[in-house]
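Every chain is numbered from 1, with letters handed out A, B, ... down the list of sequences.
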Amino acid sequence: MFQITIAGAGLSGLSAALTCAEHGIECNLISVQPSERAQSVLAEGGMNAALDTMGENDAPAFHFQDTMKGGVFLADPNAVKGLTDAAPGIIRRLQSIGVPFQLKDGDLLLRPFGGQKKRRTAYAMSSTGKIVMNALIDEARKYEAAGLIHRYDHAEIIEALTADYHLSEDYPAAKGRDIEDNFPAPEDPFISEGRRDTFAWTSSLKEKNVKAVSLKKMSGIKVRDTHTGKISEFPAPVIVCTGGIAGFFTGLTTGTTANTGDFTASLFEKGVQLGNLEMIQYHPTTVAISGKRLLISEAARGEGGRLFIKRKTGSSGWENWYFMEEKYPELKNLMPRDVISREMYRVMHSEDCGGQVFLDMTHLKKETWDGKLADLRKEVMSYLKLDPAKEPVPVSPGIHFFMGGILVDARHRASMPFLWAAGECACQYHGANRLGGNSMLAAVYGGHIAAEDALTFLNSGKMNLWTGNENEPCVNGDDPNVNVGELRVKGYDTRVNIGELRVNGGKPRVNDGDPRVNSDEQPGNADEQSNEQTDTSGRQKKGIDCTQRVRPSFGKKLTNILYEGLGIYRDEAMMNTACNRLSALEKEAATNTERNRILLGKAMLYSALERKESRGAHSRTDYPERRDEEYQKTTVAEYHNGNIRISFRDIPLQS
Amino acid sequence: MRILKKISLRRKENKNSGKEYNGAIPQLRIDILRRNGLDCEPFWQSFEYTPRDISETVASALTRLNEQEELQDINGNPAGEIRWESSCLQKKCGACAMVICGKPMLACDAVLMELKQPVRLEPLRKFPVVADLMTDRTVMFRNLKEMEAWLEDKAEPSEKKNAFAHEASRCLQCGCCLEVCPNFMPEGRFFGMASMVPSSRILNWESVNQNPAIKDQYRYHIYDGCGKSLACQNICPAGIRIEDLMSRSNAAAVWRASSGKKSRGM
Ligand SMILES: Cc1cc2nc3c(=O)[nH]c(=O)nc-3n(C[C@H](O)[C@H](O)[C@H](O)COP(=O)(O)OP(=O)(O)OC[C@H]3O[C@@H](n4cnc5c(N)ncnc54)[C@H](O)[C@@H]3O)c2cc1C
Ligand code: SF4
Ligand code: SF4
Ligand code: FES
């Protein structure tokens, strides 16, 4: 029996796991922390679907148009069509597993969101992510108990494992023959539907008299139990759902510290293609708080919040300038995020303005505060110590979302066999700029599609479904890497033995080993302490390895470099400086994970350098124009033979 | 609502007390109970730390201490990376729960300047330590499975039930309530509020949709063991109205279940 390995347990991972379980197929659901801690629980505003419950004649076709336009036509139209068509069904399905979306007269209440002309964002208070996650977690628990979902929720994925396989006209016989390594692939062998030209490729090999080519496939992932330090391996097929790369911008994003991006970096190092890495979304309304940026949800503007800045008037006074309303009379404060962030950047740097942009919600009705925005108000009050119902909130743009990531086709297949990706780690649906409310939707939908495709693929038992080569072997044939059974739990124990909790003869309080813990005694004086520390260094070496893979000091340096190079506005000189500084930092890299971060950081900068135009989230002062002819394409980054290669690939035609 | 008010009041006081520090932020001492693993001896280690501003949290201080090139303790001895868990840094994921100055709290919710000095950090005590401030809270997730907290059948959306469902969805699985609960023991039969809150969401739906076992589990693992002192509600960093949820769930799982079919609608 096959098992599918799902890496990451946020919305997309849970969605993939549920899809497998509903088909009766077992899966391993692996995450560094339990689902309750995934970034998905932070989502506030809601999920888009053209449910048309507001009497505005909405339809999936309009949702499709808004998504394509919001992404400035970089997204794969076929994939987006699948997403927007499926959206209403997804919301209904979530309702059926108990998600309490806001209702009015028994049907769904939808709110307006940025970049969309109609109201189509379903929500649950201002904690949509948390509430949707809860329902999915409960649902997954049912299948965990039934033995279909095997959860590993303190398992950090530290490395992607690949294996060679051989592509030839008659595969098994080719084994052991001369394999021409690194045969230059004509374009890419594995690409999205419609361009699956492996056949052409194999015949071109024939012409050149090459018997077989060695290629890489995903064979599994290496995982470290963060509680014991034990390393284990889980086999392919793998669906990656590890979220965005917030960890490359520590302290500067609205996201979580757990989404390090290191697994994406490891995949990249192993040759997996990444797309549109330069597309980083700056959310217009964020606030710096201790250790991160706090998001003020788009719902605030959806419910009527207005952006303004103080501007000098002719006489000596100041006026509130509602710049978005003046410049964009149709969508006003609900323009797509890239547009607002750029406008804010401009007015903030304008001579006759006060420098600080404010979000004014003081005119909102009491019902709105008590119901729809209650959580938001509580949060702002607790972190900023100001009441948004009484005072405008000072806001500025901050990094929020990564449109780019693991390149996948409409079925969520990545560029390497046995690898799928979904959710924020994947490059799909959002093009050059994501619309608010589309990414929760994309995570749920993408996880489902990826799992469905993986199941079809596995059911067929044939690799040729992937490569298009009839002569490929069965997946479960002679390939030990795909045979799941014994490999699954190599060295990994999910259950803590309760007996182990007992320390010192059966007392359950775990810290009782230290007499000082439960007494009120303060730590001793300095002398005693230094005595203690003399054997500290000895102890330091014992114990389990649960330090971070990337030294925080190193991570911070990388963050500073990337943040300078990849701001809201970019130019060549800025990015070249960042590249040089990264190369210098490379010498300090001490672990593979650190080296991989540098590699992915460079790929981001190179992608941004090569896209010599301005589009969506990528704005260049040296190339301010949008240039469809050259760049209405997907930026593809690939690591090959020690070099990062950037190329541009056509967007699939709408079928 | 009552809880909400309490919180905002507390914040106000904090704000005022914070203002006294305007201008000069003093250097603080942070004492951390360190341990390299369950089988290693715990020991206290002190650090000097100057908060960046008056609102800096313990979570941010831990991050910045770890960002130092060579972390040293107060005596200049090298100290290895301080191990702790975080994710959201905004009180929404429960990862960073630890005992701060004797009280279980979220590190991302604990403002340094508002704490008793020196600031003492210890891991949660009811759970096995993994290392330093990181604990193994697996038992909480296992208990939820034991509770059989899931729906068997489709839920029907209902405006009436939404408010309750929202409240019941707010548990962070942080474990602070278990830390203070006199009746919860990791291997015990009583599962505490960390299991009650998520279960109440399931009990909220029509009884036909529930997994029938959940009521039995509820009585056995929650109702029977709770002393109703509500220490848990006072400590809950999410401010969940535990009392409300519990009385509704008791009604659904205990009273109504035993007195036959009374109003199924709740
Ligand atoms: C503050 C905020 C508000 C948002 N609001 C909205 C909104 O209103 N509407 C909307 O549509 N979208 C919103 N988003 C975006 C949306 O929440 C995310 O894009 C989406 O939830 C991503 O889901 P995911 O499954 O891809 O990843 P995540 O939920 O981030 O999950 C990633 C998973 O991978 C695991 N993981 C990561 N790295 C590793 C590793 N190395 N080893 C093991 N496990 C690993 C994590 O533990 C986690 O389980 C918001 C995002 C933020 C930050
Ligand atoms: S009311 Fe008391 S006994 Fe019951 S869970 Fe809360 S703290 Fe524990
Ligand atoms: S009930 Fe409150 S204290 Fe207990 S785990 Fe949930 S959020 Fe934490
Ligand atoms: S880090 Fe999420 S609650 Fe503190």
Side-chain angles (χ1 to χ4, degrees), chain A residues 33-34 36-37 41-42 95-98 100-103 106 124-125 130-131 134 138-139 141-142 144-145 153 226-227 256-258 290-292 294 378 381-382 385 496 498 500-501 508-511 513-514 517 523 526 529-530 532-533 536-537 539-540 542-544 546-548 552-553 556, chain B residues 4 8 11 15 31 33 36-37 40 42-44 46 55-57 59-60 63 66-69 73 75 77 80-81 83 86-90 92-95 122 125 127-131 134 136 138 141 144-145 149-151 154-155 157 159 161-162 165-166 169 172-173 185-187 202 205:
Chain A
Q33 288 173 332
E36 281 83 350
R37 323 232 190 277
V41 304
L42 297 186
Q95 278 190 302
S96 80
I97 62 167
F101 284 116
Q102 224 82 24
L103 302 172
M125 301 289 283
K130 174 72 184 159
I131 290 172
N134 245 294
D138 286 351
E139 195 69 3
R141 188 179 297 126
K142 179 158 75 188
E144 284 169 48
D153 62 6
T226 60
H227 289 174
T256 80
T257 56
S290 197
K292 76 172 303 185
L294 180 74
K378 206 153 77 177
M381 275 161 76
S382 118
K385 317 251 185 289
V496 194
I498 283 290
E500 285 169 19
L501 295 186
R509 292 210 150 205
V510 179
N511 286 354
D514 179 6
V517 178
Q529 285 214 348
S530 67
E532 270 196 20
Q533 259 113 48
T536 307
S537 48
R539 287 193 195 125
Q540 207 67 39
K542 280 197 292 173
I544 73 146
C546 61
T547 48
Q548 298 169 53
S553 57
K556 193 76 209 162
Chain B
L4 214 166
S8 50
R11 286 296 170 187
K15 188 177 173 184
D31 296 336
L33 184 66
N36 286 312
C40 305
F43 60 96
W44 283 96
S46 303
S55 61
E56 181 161 15
T57 59
S60 165
T63 308
N66 278 337
E67 274 169 7
Q68 285 173 25
E69 203 82 49
D73 69 5
N75 301 310
N77 296 316
E81 185 186 318
R83 285 148 303 185
S86 73
S87 172
C88 70
L89 298 177
Q90 58 181 90
K92 282 193 178 167
C93 79
E122 301 164 62
R125 293 168 238 201
F127 308 95
V129 172
V130 172
M134 195 172 154
D136 177 356
T138 314
F141 303 95
L144 279 171
K145 225 187 275 178
W150 58 73
L151 287 173
K154 282 187 180 159
E159 262 161 276
K161 297 198 167 176
N162 270 4
H166 289 148
S169 298
L172 310 176
Q173 294 294 306
M185 289 296 163
E187 75 275 43
I202 305 294
W205 297 106

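Contacts of Lys142(A) with chain B are made by both backbone and side-chain atoms, with heavy-atom separations under 4.5 Å. The parts of Glu56(B) that come within reach of chain A are both its backbone and its side chain, each placing non-hydrogen atoms under 4.5 angstrom from that chain. Of the two parts of Ala95(B), the backbone and the side chain both hold a non-hydrogen atom closer than 4.5 Å to a non-hydrogen atom of chain A.
Atoms OG1 and NZ, on Thr63(B) and Lys556(A) in that order, are 9.0 Å from each other to the nearest 0.5 Å. Between Lys385(A) atom NZ and Ser55(B) atom OG the span is 6.5 Å, to the nearest 0.5 Å.
With chain A as the partner, the residue from Ser87(B), Gly94(B), Cys93(B) showing the most heavy-atom pairs under 4.5 Å is Ser87(B). Among Gln33(A), Gln102(A), Glu139(A), Gln95(A), the residue making the largest number of heavy-atom pairs under 4.5 Å with chain B is Gln33(A). Most heavy-atom pairs under 4.5 Å with chain B, from the set Leu42(A), Leu294(A), Ile97(A), Asp138(A): that is Asp138(A).
Between the side chain of Thr257(A) and the backbone N or O of Ser86(B), at least one donor-acceptor pair lies under 3.5 Å. Here the side chain of Arg141(A) pairs a donor or acceptor atom with the backbone of Ala149(B) at under 3.5 angstrom. One N or O on the side chain of Arg37(A) and one on the backbone of Leu172(B) form a donor-acceptor pair closer than 3.5 Å. For the pair Asn134(A) (side chain) and Ser169(B) (backbone), a donor-acceptor distance under 3.5 Å is present. Listed for the Thr57(B) side chain is no donor-acceptor partner under 3.5 Å among the backbone atoms of Ser290(A).
The shortest distance between side-chain heavy atoms of Lys161(B) and Pro100(A) does not fall below 4.5 Å.
Nearest heavy atom pair, residue Trp205(B) against residue Gly98(A), reads CZ2-O, 3.5 Å. When all heavy atoms of Thr226(A) and Met134(B) are compared, the closest pair comes out as O-CE, 3.8 Å.
Judged as a side chain to side chain donor-acceptor pair (under 3.5 Å), and not counting sequence neighbours, Gln173(B) has no contacts.
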